[in-house]
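To keep things clear, I will list the structure first and then write my remarks on it.
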Amino acid sequence: MPKEIVVPAGSGKPLAPYSPGTKADGVVYVSGTLPFDKDNNVVHVGDAAAQTRHVLELIKSVIETAGGTMEDVTMNHIFLTDWVNYGAINTVYAEFFPGDKPARYCVQTGLVKPDALVEIASVAHIGK
């Protein structure tokens, strides 16, 4: 099955050897997305809600570049550094998924840069 690498216009160079997204057989896999600017600097330091919004906007750009919408998201993998931010993350998350919610899980863990408070990876089924 052929795959297509998905890189939204204006994307910065990834911090590690990965692509922002990969599309195969109508499924878009969005890599773990952190609250980074184009130079891989953490944005909105200390603000979990703003970081979550930034992350979800980046994910949205990958999915839209692949031909889908956020309504096509079927699974989210959420990583946060502290449960104290869980409420703020959920408030913003609900704005991006107002109708039927995708499946998800959420775990507390360390992230690649200490100022990053949230990372999300997504799967979207956009059809063939």
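The first residue in the sequence is number 1, and the count goes up from there. When reading the values below, keep in mind they use all heavy atoms of this one structure, side chains included, and skip hydrogens, waters and symmetry mates.
Contacts of Glu95 classified as salt bridge (Lys or Arg N to Asp or Glu O under 4.0 Å), with partners at least two apart in sequence or in another chain: Arg53.
Side-chain atoms of Cys106 and Trp83, non-hydrogen and from C-beta on, do get closer than 4.5 Å to each other. In this structure, the side chains of Val42 and Phe36 come closer than 4.5 Å at one or more pairs of heavy atoms. For the pair Thr74 and Pro102, the minimum side-chain heavy-atom distance is 4.5 Å or more. Ser19 places none of its side-chain heavy atoms less than 4.5 Å from the side chain of Pro14. Taking 4.5 Å as the limit, some side-chain heavy atom of Val112 sits within range of a side-chain heavy atom of Leu15. Using a 4.5 Å cut-off on side-chain heavy atoms (C-beta onward), Phe79 and Leu111 make contact.
Of the inter-residue distances, the one linking Ile78 atom CD1 with Thr109 atom OG1 reads 14.0 Å to the nearest 0.5 angstrom. Rounding to the nearest 0.5 angstrom, the gap separating the OH atom in Tyr29 from the OG1 atom in Thr22 is 9.5 Å. With rounding to the nearest 0.5 Å, the separation of NE2 in His54 from CD1 in Ile59 is 10.5 Å. Expressed to the nearest 0.5 Å, how far OG1 of Thr65 lies from CD1 of Ile5 amounts to 13.0 Å. A distance of 12.0 Å separates OG1 of Thr52 from CD of Glu57, quoted to the nearest 0.5 Å. To the nearest 0.5 angstrom, Ile89 atom CD1 is 9.0 Å from Asp82 atom CG.
Heavy-atom contacts from other residues, nucleotides or ligands closer than 6.0 Å to NZ of Lys3 number 12 or fewer. The local environment of CD in Gln108 is crowded, with over 12 non-hydrogen atoms from other residues, nucleotides or ligands closer than 6.0 Å.
Residues Pro35 and Val55 share a closest heavy-atom pair of N-CG2, 3.5 Å. Among all heavy-atom pairs drawn from Val62 and Pro20, the shortest one is CG2-CB, 3.9 Å.
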Donor-acceptor contacts, no H, no angles, side chain residues 116-125, under 3.5 Å, sequence neighbours left out:
residue	atom	partner	partner atom	Å
Ser122	OG	Asn76	OD1	2.5

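Using modelled atom types, no side-chain atom of Lys23 and backbone atom of Gly21 make a donor-acceptor pair closer than 3.5 Å. Thr91 contributes a side-chain N or O that, together with a main-chain N or O of Gly87, makes up a donor-acceptor pair within less than 3.5 Å. The backbone N or O of Thr69 lies less than 3.5 Å from a partner atom in the side chain of Asp72, making a donor-acceptor pair. Side-chain N or O atoms of Asp39 include none that pairs as donor or acceptor with a backbone N or O of Asn41 at under 3.5 Å. Under the 3.5 Å distance criterion, the side-chain polar atoms of Gln51 are matched with a main-chain donor or acceptor of His44.
Clustering ILVMFWY residues whenever any of their side-chain heavy atoms sit less than 4.5 angstrom apart, transitively, puts Val27 in a cluster other than the one holding Val6. In the hydrophobic cluster analysis, where Ile, Leu, Val, Met, Phe, Trp and Tyr join through side-chain heavy atoms closer than 4.5 angstrom, Leu34 is grouped together with Tyr105. Val28 and Met75 fall into different hydrophobic clusters, defined by Ile, Leu, Val, Met, Phe, Trp and Tyr side-chain heavy atoms under 4.5 Å apart, directly or through other members. Under a hydrophobic clustering in which Ile, Leu, Val, Met, Phe, Trp and Tyr are joined whenever their side-chain heavy atoms come within less than 4.5 Å, directly or via other members, Ile63 and Val92 fall into the same cluster.
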Go through the steps to decide whether Val45 and Asp47 satisfy the test side chain to side chain contact (heavy atoms under 4.5 Å, CB included), and finish with yes or no. CA-CA 6 Å; Val45 173; Asp47 187 338; over 6 Å; no
Determine, step by step, whether Phe97 and Val73 satisfy the side chain to side chain contact (heavy atoms under 4.5 Å, CB included) criterion, reporting the C-alpha distance in whole Å, the side-chain angles of both residues, the deciding distance to 0.1 Å, and the verdict. CA-CA 9 Å; Phe97 302 103; Val73 174; 3.8 Å; yes
For Asn40 and Lys113, run side chain to side chain contact (heavy atoms under 4.5 Å, CB included): C-alpha distance rounded to whole Å, both residues' side-chain angles, the deciding distance at 0.1 Å, then the answer. CA-CA 10 Å; Asn40 294 317; Lys113 289 195 177 184; 4.1 Å; yes
For Tyr93 and Arg104: C-alpha separation, side-chain torsions, deciding distance, then whether side chain to side chain contact (heavy atoms under 4.5 Å, CB included) applies. CA-CA 11 Å; Tyr93 182 91; Arg104 74 177 213 183; 3.5 Å; yes
